[in-house]
Each structure stands twice: as structure tokens, then as C-alpha cells.
Number of protein chains: 4
Amino acid sequence: MSLTLEEAKKMIAASEKKAKEMGVTMVIAVCDNGGHLIALHKQDGALLVSIEVAINKAYTAVVAQMPTHELKAIAQPGTMAFGIHACRNIIIFGGGLPVKRDDKIIGGIGVSGATAEQDAECAQAGIDAL
Amino acid sequence: MSLTLEEAKKMIAASEKKAKEMGVTMVIAVCDNGGHLIALHKQDGALLVSIEVAINKAYTAVVAQMPTHELKAIAQPGTMAFGIHACRNIIIFGGGLPVKRDDKIIGGIGVSGATAEQDAECAQAGIDAL
Amino acid sequence: MSLTLEEAKKMIAASEKKAKEMGVTMVIAVCDNGGHLIALHKQDGALLVSIEVAINKAYTAVVAQMPTHELKAIAQPGTMAFGIHACRNIIIFGGGLPVKRDDKIIGGIGVSGATAEQDAECAQAGIDAL
Amino acid sequence: MSLTLEEAKKMIAASEKKAKEMGVTMVIAVCDNGGHLIALHKQDGALLVSIEVAINKAYTAVVAQMPTHELKAIAQPGTMAFGIHACRNIIIFGGGLPVKRDDKIIGGIGVSGATAEQDAECAQAGIDAL
């Protein structure tokens, strides 16, 4: 079971709305349960680097089965997974969340454009819309 | 001047509608005048390889300033640009179209999922919706 | 629904057996329905390049939803998809087969080490064992 | 002299057994004395990111001629090899072990899926089975 395009659109619309309320411009990406991109919207004026970062945050949340801010905690110098940020397409700061149904990962959402906390808040708004 | 997210959404909606009428499932990507992704939708069931191909078709149409089916003609063995498909992110078959306004390129659209002709037809539907 | 490790092992064992009967040494890779590697065995003496080729054949069969020898037919100069071999991890010669259940792709198998025909025959032996 | 496929299978079987006893799901990779993959099994439910990490742990143990947890110690900020994690395919946390015979490296084993300590314990179980 994976997210459908309709579900991805609904999630992105909610994240976009949240970003507007917060006065920020975001790139929002949603991927399936294999980490493959389903949908992406880049709000006008959002950072170009955020395209890759949003895609990779969604991917990371799926392949690591955890929010990117949790991966951050174990990827600092001296902690268990320091160095994992050098793996292909892995992002170790907030804004990527796994999407679950019946406790199974069905996809991921990644948001990039503002602070990691704001990114994560927008990503959560997407999940809440499901 | 580049395409806005609202314009990209309108284009993709038209391409999605066209794909449904044709009975195919597509990935549709729209990029800005720098070749950077603005929006992407992957219809349920579309080929996974089409994600990369659609993005790269939109990119190629912008950076080569021509439809990808025109690039195809000059990228065959023995013709002028043979080998260009090995350049980063370049696609040399139909389905990528530049988007112009007042004769200036303001973005690109790439569609992948069916035959190159069907891909190009869906991409054109997106441009017609502008 | 995707292939399990037990199913992948069974497939690989059958491919290995087939390779021994044929007197060749192969690398056999099985991936899930997202193109991610589940299992790989490299027979002693098999070509080192076959590691990457086998993995990519299994991947290609999943993401293109067709046997790699079918992709080959449409990826020649002058045909529809010429140039697609330059996409990330795409292989356009025989030896990669999608694995289906109830008409849905649940994974892929890729074999590399001998001729494309022999590779495909070993891959088919793996599927027949399911 | 390098590990054979039969030896690699025996190692992986022991690591799989250990993982089941520990109640975790792992990806286990074994490579030859050149760092090239010989065999890989991904237990059902194991993290997708663990595929790349397990392969790279086995590789790192061979090319650096030391367990990855020893490399970790000299790869932290301020220590001798800080930055080496950015080299291609290098992993600097536990779970990768070189495999030796008569004091010569004949291959490597990498395990990923749980804590670095658990990963290393499973890798050791593989070596103990030789």
C-alpha cells in the first residue's frame, strides 16, 4: 500500500496553505513507500536548493523509517550514526516525516524553505490533512 | 520571467486530463526558465522510470531551447549532436516541450509514461491550457 | 505486495542451479517492487562488472515494467526510446525480468555473466521457481 | 585468496539467525577482498537505507582494513581522519568487519538495521560461523 496521487495532492495543498499562513515559501515533496517522488510543488520564490532538499527529506523519512529530526539526533559527531549524511540522498535535519497507515509506512513528505522547525510544521500539516 | 506555480498546476491539470482521456498513466513535470523543477505529479500506476525521464525532458527542453523530439533528430548516430544523451539529464526522445511567452522561454514541460508521441501530445495539452 | 526474502532466495537458488547446468558463472540479483535490492549472489569467478549490471537489470525491469530485452528493442538508434540507457541505472539488454503476481509487479530479477540470452534464461529459471 | 560464495552464504545465514534471536531485521552484505559484493540478504521489513549502508560497511572494512567502529574513532571532528566519511562509499559507524584468514584480509561483512552495536554483533556472528 502506498499513497495515491490524490492523497499526495491533498497533503501538499495543506502544506502550501500552512506555509502561506506562516509567511514563508516552501518546496513540498511527497514520495511513495519506496522513496519515489509522487508529487512536488515549489512555491514562487522558494529556494532552488530546496527542490533537492525537500525530495531528499521525503526519501530519507521513508528509507530510514523515522522523521529527519530524529535522524538528526543520532547523526551528530560522537553519536551512533555520525556520517550517514554522506549516504546517497540522506538529509539529517528536520522537515521530513514518514506517512503511516495502520502502523505501516505508506510514503513520506518533505518540506524545505524556512527553518527546520517551520519545515517540519508544514510537513505535519500535510499529514494532518490525510 | 518564469512560469509560476499556479501556471504549472494549470498545465499539469490539463495534461492529467488528457492522459485520462487517452487511457494512459503519466508523470508530468514542469520546470522554470533555469530548468529547475516547479511541479510534478505522478499518476497512479505510471512507470517509476518516468519520474526521472519526465523531469529530464522538461529540463532538456529548456536548456536546449527546443522540443526533445527535435533534439532526437540531431542526436542519432551520424548526425550532428550524437552523444549528447550522455550529458547530464539530457533526454533525446519526444515528450519535452519548451514553454514560451513573447518568444522567450519561460519554462519547460516534460511528460513520460506512454509512447513518445502520446507523451508529446499530453505535454502540448499542458501548454495549450496556459 | 512485494517479494519476500524467502521468495528471493528460492529464485536465486533456481537461477544458480540453472547457471551450473549451463556451465556459466553468474551474478543474480532480486529486487522489490520499488527497485530496491533484496538479495544478491555472485557465483565464484563471475565478472565483477556483472554485480552492477545484475542489480541494474532487476531495477530496470521494475521501473520500466518490462523485460530488459523488450526495452532493448525500443532503445536502438532511430527507435522511440534511444538514449534511455543514459538514465540512472537503466540497462537495455537481456537478463532482467519483472516478477508479477495477479498481474501486478512485485519485484524484479536480474542476471549477468554470460550472453544476454543465457542471462535471460537463468532469470526465467528463477521466476519459474516461484 | 578471497571468500567464496559458499562461505558468504554460511556467514549470512549465521547473521540472519542472530538477528532473529535479537528480534531485529537486518541487511547483511558480504564482499570479497577487493571490496566487491559477493552476497546480500535483506530481511523483510529492514530499513531501505540499510541496503546501501550494509554494502558500504563491508566495503569500508576491506578498503580501510579495520572494523568500521575503529574507523569511527579516528573520523570524528578534531581527530585524524575527520572528513573521510565523504569519500565514496565510506561508513564510519559500527557494523562492518574485515574477514581474515592467516592474518590476510579475504573479505568483509557489513550489517545494518539496528543499533551500531547490534549491527556489529550480527556481523561478528557471521565471522564466527566461518
Side-chain angles (χ1 to χ4, degrees), chain C residues 1-20 24-59 62-63 88-89 106-113 122 126, chain D residues 1-20 24-59 62-63 88-89 106-113 122 126:
Chain C
M1 267 295 290
S2 189
L3 285 168
T4 64
L5 175 57
E6 279 315 305
E7 291 171 327
K9 285 181 187 176
K10 194 183 295 182
M11 294 175 71
I12 291 181
S15 289
E16 281 188 72
K17 188 164 168 287
K18 185 73 176 175
K20 274 173 194 159
V24 292
T25 52
M26 300 291 203
V27 178
I28 305 138
V30 173
C31 69
D32 69 16
N33 61 358
H36 301 287
L37 192 61
I38 296 174
L40 177 144
H41 287 181
K42 175 182 177 289
Q43 294 184 302
D44 299 335
L47 303 173
L48 289 174
V49 74
S50 290
I51 303 167
E52 180 178 344
V53 173
I55 293 172
N56 288 354
K57 281 180 179 176
Y59 170 83
V62 167
V63 299
R88 199 168 42 85
N89 301 330
I106 57 169
I109 181 168
V111 177
S112 173
C122 275
Chain D
M1 267 294 288
S2 187
L3 284 168
T4 64
L5 176 56
E6 279 316 306
E7 291 170 326
K9 286 181 188 176
K10 193 183 298 182
M11 293 174 72
I12 291 182
S15 288
E16 281 189 70
K17 187 163 169 288
K18 186 73 176 176
K20 275 172 194 158
V24 292
T25 53
M26 299 291 203
V27 178
I28 305 138
V30 173
C31 69
D32 69 15
N33 62 358
H36 301 286
L37 192 61
I38 296 175
L40 176 144
H41 287 180
K42 175 182 178 290
Q43 294 184 302
D44 300 335
L47 304 177
L48 289 173
V49 74
S50 290
I51 302 167
E52 179 179 343
V53 173
I55 293 172
N56 288 354
K57 281 180 179 175
Y59 170 84
V62 169
V63 299
R88 197 166 44 86
N89 302 330
I106 58 169
I109 181 168
V111 177
S112 174
C122 274

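- Here salt bridge (Lys or Arg N to Asp or Glu O under 4.0 Å) pairs that include residues 39-59 of chain D, with residues two or more places apart or in two chains, are A:Arg88-D:Glu52, D:Lys57-D:Asp119.
- Taking 4.5 Å as the heavy-atom cut-off, the residues of residues 26-37 of chain D that approach chain C are D:Asp32, D:His36, D:Leu37, ordered by number.
- Counting all heavy atoms, side chain and backbone alike, D:Leu5 lies closest to D:Ala39 at CD1-CB, 4.2 Å.
- Listed by chain and residue number, D:Glu21 satisfy the side-chain hydrogen bond (donor to acceptor under 3.5 Å, both in side chains) test with D:Lys17 (two or more places apart in sequence, or in another chain).
- Note that the NE2 atom of C:His41 and the CD1 atom of C:Ile12 stand 5.0 Å from one another [nearest 0.5 Å].
- To the nearest 0.5 Å, atom CD1 of residue D:Ile55 and atom CG of residue D:Asn89 are 9.0 Å apart.
- For chain D, the nearby parts of C:Ile38 are the backbone and the side chain; heavy atoms of each come within less than 4.5 Å.
- Taking chain C as the reference chain and counting heavy-atom pairs below 4.5 Å, the highest number among D:Gln43, D:Glu6, D:Glu16 is found for D:Glu16.
- When all heavy atoms are compared, the tightest approach of C:Gly113 to C:Leu47 is O-CD1, 4.3 Å.
- Using a 4.5 Å cut-off between heavy atoms, C:Ile51 contacts chain D through its side chain alone, with no backbone atom that close.
- With sequence neighbours excluded, no residue forms a side-chain hydrogen bond (donor to acceptor under 3.5 Å, both in side chains) with C:Ser15.
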